[in-house]
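In each ligand, atom 1 is the first atom listed, and ligand 1 is the first ligand listed. Residues take their numbers from the sequence shown, with the count starting at 1.
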Amino acid sequence: MKKVLILEDEVNIRSFVVINLRRAGYDAIEAGTGAEALERLRENPDIGVAILDIMLPDMDGFEVCRNIRATNKLIGIIMLTARTQEMDKVTGLMTGADDYVTKPFSPAELTARIDAIFRRIGGETNTDSEVLSQGIFVLNTRNRTLEKNGERIKLTQVEYAIMKLFMQNPGRALSREDILTSVWGRDYDGELKIVDVNIRRLRIKIENDTANPTFITTVWGFGYKWGA
Ligand code: CA
């Protein structure tokens with residue numbers, strides 16, 4: 001059974017999420033503090049998705065996110081944000097989260113986001129050619145790694161999915177909608193901004209000069225283009 005961690009200190013919300021995760025066929029693992037969440041993750045390295053609340057008694061959800069990402073690039077991370085915390089979305093994504101859900105959320109919305117992440121994790125097929133090599137970049141689709149000049153660049157699964165899309169479409173302008181649909185899935189109802197935030201993060205990792213990107217270039221009013 002696919003394992004999902006829910007970190008939320010408010011017992012009522014946590015129970016509500018747990019009940020709905022179980023109803024959706026997931027194995028729900030609970031944590032009420034950041035420390036407890038990290039402990040559960042150590043005990044259950046096969047957790048595929050972690051849902052992290054931001055306001056917690058011992059540390060904030062972004063710190064938990066950074067802690068998880070320091071050792072685990074592949075786990076899916078969804079932040080729970082309050083409607084008033086608009087900036088949290090960006091902060092959360094910059095600390096390595098893949099997605100966010102705004103409170104109050106419906107169980108269907110949350111499980112749709114979790115399903116989308118599991119589809120991405122399991123969506124890789126062996127019919128893909130194993131290595132995409134362009135210029136100084138090599139993307140290995142079997143072990144999901146990116147190298148620049150032979151140096152490994154650590155990517156989250158969303159960043160990996162975007163890089164793969166770029167490297168499968170070199171020189172082609174991709175609209176932000178194309179990227180959103182391809183990476184987050186057709187059912188995703190989030191905002192286009194999530195594409196820009198992930199591109200910004202990718203540029204920090206792969207560009208020589210983030211202020212003057214040469215690999216991922218902006219196509220004004222449309223989207224982005226890859227060239228290496
Ligand atoms: Ca809370």
Test item: side-chain donor near acceptor, Lys193 and Asn198, under 3.5 Å:
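No.
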Using 4.0 Å as the upper bound for N to carboxylate O, is an ion pair formed by [Y] and [X]?
| X | Y | result |
| --- | --- | --- |
| Lys2 | Asp46 | no |
| Arg14 | Glu10 | no |
| Arg42 | Glu39 | yes |

According to the interplanar angle, ranging from 0 to 90°, do the rings of Phe118 and Tyr26 count as parallel (below 30°), tilted (30 to 60°) or perpendicular (above 60°)?
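Parallel: the ring planes of Phe118 and Tyr26 meet at under 30°.
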Protein N/O/S atoms closer than 3.0 Å to the Ca ion (ligand 1)
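Under 3.0 Å from the Ca ion (ligand 1) - ignoring waters, which are not counted - the protein N, O or S atoms are Asp9 OD1, Asp53 OD2, Met55 O.
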Given Ile54, Leu52, Leu41, the one that forms side chain to side chain contact (heavy atoms under 4.5 Å, CB included) with Leu7
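Exactly one candidate clears the test, Leu52.
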